[in-house]
Amino acid sequence: MNLRHASFADLDLLRHWDDQPHVIASDPNDDWGWEVELNHNPDWREQLIAEIEGRPIGFIQIIDPAREESHYWGDIAANLRAIDIWIGEAADLGKGYGTKMMQLAITRCFADSSVTAVIIDPLASNTRAHRFYERLGFQFIEYRRFSDDECFVYRLSRTDWQHHF
């Protein structure tokens, strides 16, 4: 598996994935605005496509939550990274691809020696995601409401990551 930067050429693919029931269920209230966002490349964000043998299977976004423009995470400490991830097609679920994608994304985050932890915010109702992140070493931090979404915030410290992997 490899990660490559998403580009405007991925627009139709990302729109298609956004229409998949399992993607909607995990992120029901977001409009990613791909037409704008794929041409907007701030230094605080990476948007990546995960591929296996050249076939796109999923999307990852890594941001610096203290620097991102919408202040989605509010007043938050520096030196963190936040990850959004999904598998595009239901047929690719349950094959270990998400685990590999997260391992690659986490490794990418901690390649920057200033990064102290990675945070994520799955829906509070998404118990499958909670178990997934916990298996990767993430620790539950708090319940938090982000706009219309009730979420659980999880954190993986650099130290926990080093012990886990």
Side-chain angles (χ1 to χ4, degrees), residues 1-65 67-70 72-73 80-112 115 117-123 125-138 146 149 151-156 158 160-162 164-165:
M1 179 179 296
N2 73 298
L3 302 179
R4 66 165 173 81
H5 287 277
S7 72
F8 202 75
D10 297 306
L11 177 62
D12 289 340
L13 175 67
L14 290 165
R15 282 181 176 160
H16 170 73
W17 286 348
D18 277 354
D19 289 338
Q20 301 310 300
H22 71 280
V23 174
I24 293 168
S26 70
D27 193 16
N29 297 312
D30 279 345
D31 174 2
W32 282 77
W34 295 119
E35 297 83 356
V36 173
E37 293 304 317
L38 288 171
N39 284 322
H40 180 60
N41 297 304
D43 64 356
W44 49 262
R45 176 182 74 192
E46 285 188 284
Q47 292 184 322
L48 306 161
I49 300 291
E51 295 180 327
I52 296 177
E53 297 177 359
R55 181 176 70 87
I57 58 137
F59 175 81
I60 298 172
Q61 175 172 259
I62 301 171
I63 67 165
D64 179 336
R67 296 178 55 222
E68 69 92 16
E69 296 159 351
S70 77
Y72 171 84
W73 288 91
L80 299 174
R81 293 296 177 269
I83 296 175
D84 291 298
I85 177 177
W86 63 83
I87 302 289
E89 301 293 339
D92 287 327
L93 295 171
K95 296 182 176 180
Y97 297 158
T99 299
K100 184 63 176 168
M101 288 170 64
M102 278 301 292
Q103 289 169 339
L104 291 171
I106 293 165
T107 299
R108 198 175 189 107
C109 292
F110 287 128
D112 178 340
V115 173
V118 174
I119 55 175
I120 51 170
D121 64 333
L123 293 175
S125 61
N126 192 345
T127 56
R128 239 180 112 190
H130 305 163
R131 287 190 304 272
F132 170 73
Y133 293 122
E134 289 164 4
R135 280 194 310 270
L136 290 167
F138 282 84
F146 292 97
D149 295 330
C151 298
F152 283 180
V153 175
Y154 282 84
R155 182 179 191 273
L156 177 66
R158 178 182 290 276
D160 287 345
W161 172 71
Q162 290 169 332
H164 197 78
F165 292 100

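Heavy atoms only: backbone and side chains are in, while hydrogens, waters and symmetry mates are out. Since the model is a prediction, treat every value here as computed from it, not as a measurement.
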Check against side-chain contact (heavy atoms from CB on, under 4.5 Å), Asp43 and Arg67 = CA-CA 9 Å; Asp43 64 356; Arg67 296 178 55 222; 2.5 Å; yes
Check against side-chain contact (heavy atoms from CB on, under 4.5 Å), Phe132 and Asn126 = CA-CA 10 Å; Phe132 170 73; Asn126 192 345; over 6 Å; no
In this structure, are over 12 heavy atoms from other groups packed under 6.0 Å from Glu53 atom CD?
-> no
So among His5, Arg15, Arg4, which one has a side chain to side chain donor-acceptor pair (under 3.5 Å) with Asp10?
-> Arg4
For [X], all residues meeting side chain to side chain donor-acceptor pair (under 3.5 Å), sequence neighbours excluded:
X	value
Arg158	none
Arg108	Glu46
Gln61	Gln47, Asp84

Report the C-alpha distance between His40 and Glu69 in whole Å, list the side-chain angles of each, state the deciding distance to 0.1 Å, and finish with yes or no for side-chain contact (heavy atoms from CB on, under 4.5 Å).
-> CA-CA 12 Å; His40 180 60; Glu69 296 159 351; 3.2 Å; yes
Which residues share a salt bridge (charged side-chain N to carboxylate O under 4.0 Å, His left out) with Arg45, sequence neighbours left out = Glu37
Test salt bridge (charged side-chain N to carboxylate O under 4.0 Å, His left out) applied to Asp121 - qualifying residues, sequence neighbours left out = none
Short question: side chain of His22, backbone of Ile87 - any donor-acceptor pair under 3.5 Å?
-> yes
Can you label the angle between the Phe152 ring and the Tyr154 ring as parallel, tilted or perpendicular, going by 30° and 60°?
-> tilted
So Phe146 and Trp73, would you call those rings parallel, tilted or perpendicular, with 30° and 60° as cut-offs?
-> perpendicular
Are Phe110 and Trp161 close enough, and set up right, to give a ring-ring contact (aromatic ring centres under 6.0 Å, His included), and what steps lead you there?
-> CA-CA 9 Å; Phe110 287 128; Trp161 172 71; 4.8 Å; yes
Close side-chain approach of Leu14 to Ile49, heavy-atom, < 4.5 Å = yes
Do Arg155 and Asp160 sit within salt-bridge range, that is, some charged N less than 4.0 Å from a carboxylate O?
-> no
Starting from the C-alpha separation in whole Å, work towards a yes-or-no answer on side-chain contact (heavy atoms from CB on, under 4.5 Å) for Ile106 and Ile83.
-> CA-CA 8 Å; Ile106 293 165; Ile83 296 175; 4.2 Å; yes
Show the atom names and distances, to 0.1 Å, of all donor-acceptor pairs under 3.5 Å that link a side chain in residues 90-102 to residues at least two apart or in another chain.
unit_1 : atom_1 : unit_2 : atom_2 : d
Asp92  : OD1    : Arg55  : NH2    : 3.2
Asp92  : OD2    : Arg55  : NH1    : 2.9
Lys95  : NZ     : Ala91  : O      : 3.1

